[in-house]
Amino acid sequence: MVFSRLRRRVKALAVEGDLTPAQASVLARLDKEGPASASDLAVAERVRPQSMAKIVVTMELAGLVERNPDPTDGRRQLVTLTEQGRERRIGDRLAREQWLARTLREHCTDDQLRAVIEVMGLLDDVTHA
């Protein structure tokens with residue numbers, strides 16, 4: 001439950017020129033998984049294809065993504081993260097990481113902060129086991 005609350009809190013942080021949650025999610029997905037068709041993105045994001053089409057157009061107009069023909073199927077187009085989109089993703093992630101680090105420093109003693117770091121290392125080990 002704590003991780004879910006923390007994740008929601010971090011995702012809810014306002015970043016200058018903030019994207020909608022759906023746009024941020026698509027940006028993250030493209031950054032992690034690479035190019036995808038709008039229909040594949042709609043399925044992955046659990047939205048209607050028409051809704052995803054609007055999201056993609058808005059992001060394309062903002063210069064965050066571009067659409068190119070699928071090299072294996074000329075009828076489809078793949079949505080690809082642009083360099084500007086990648087930079088935006090990195091900037092948003094950095095802003096959220098800075099918020100978390102600052103908040104931990106403000107609310108934790110040095111001993112508590114060391115304990116958090118140690119526990120996170122253990123949890124990381126568990127996720128890789």
- Message: Around atom CD of Glu83, are there more than 12 heavy atoms from other residues, nucleotides or ligands closer than 6.0 Å?
- Response: yes
- Query: How many angstroms lie between CG in Leu64 and CD in Glu87, if you round to the nearest 0.5 Å?
  - Reply: 10.5 Å
- Would you say Ser25's side chain and Pro21's backbone share a donor-acceptor pair under 3.5 angstrom? no
- Considering only NZ, NE, NH1 and NH2 on the basic side and carboxylate oxygens on the acidic side, decide whether Asp111 and Arg114 come within less than 4.0 Å. yes
- Query: When rounded to the nearest 0.5 angstrom, what distance separates CD in Glu97 from CD1 in Ile90?
  - Reply: 10.5 Å
- Task: For Glu33 and Leu30, indicate whether the former's side chain and the latter's backbone hold a donor-acceptor pair under 3.5 Å.
- Result: no
- Please answer: with hydrophobic residues joined when any side-chain heavy atoms are less than 4.5 Å apart, are Leu78 and Val26 in the same cluster? no
- Task: Tell me whether Ile117 is reachable from Val126 by hopping between hydrophobic residues (I, L, V, M, F, W, Y) whose side-chain heavy atoms are closer than 4.5 Å.
- Result: no
- Does the Arg76 side chain pair with the main chain of Asp70, one donor and one acceptor, at a distance under 3.5 Å? no
- Task: Return yes if a side-chain donor-acceptor contact under 3.5 Å exists between Glu66 and Thr80, otherwise no.
- Result: no
- Item | Donor-acceptor pair, side chain of Thr127 and main chain of Asp124, under 3.5 angstrom | yes
- Message: Do the side chains of Arg105 and Asp110 get close enough for a salt bridge, i.e. N-O under 4.0 angstrom?
- Response: no
- Shared hydrophobic cluster, Leu19 / Leu61 (ILVMFWY, side-chain heavy atoms < 4.5 Å): no
- Message: Using modelled atom types and a 3.5 Å cut-off, is there a donor and acceptor pairing between side-chain atoms of Thr82 and backbone atoms of Gly63?
- Response: yes
- Message: So does Trp99 get a backbone contact from the side chain of Thr103, meaning a donor-acceptor N/O pair under 3.5 Å?
- Response: yes
- When hydrophobic residues are tied together by side-chain contacts of less than 4.5 Å, even through go-betweens, does Leu6 share a cluster with Leu113? yes
- Message: Walk me through whether Asp40 and Arg29 qualify under salt bridge (Lys or Arg N to Asp or Glu O under 4.0 Å).
- Response: CA-CA 11 Å; Asp40 290 342; Arg29 184 172 303 281; over 6 Å; no
- Message: I need the Gln98 CD to Arg93 CZ distance, nearest 0.5 Å.
- Response: 12.5 Å
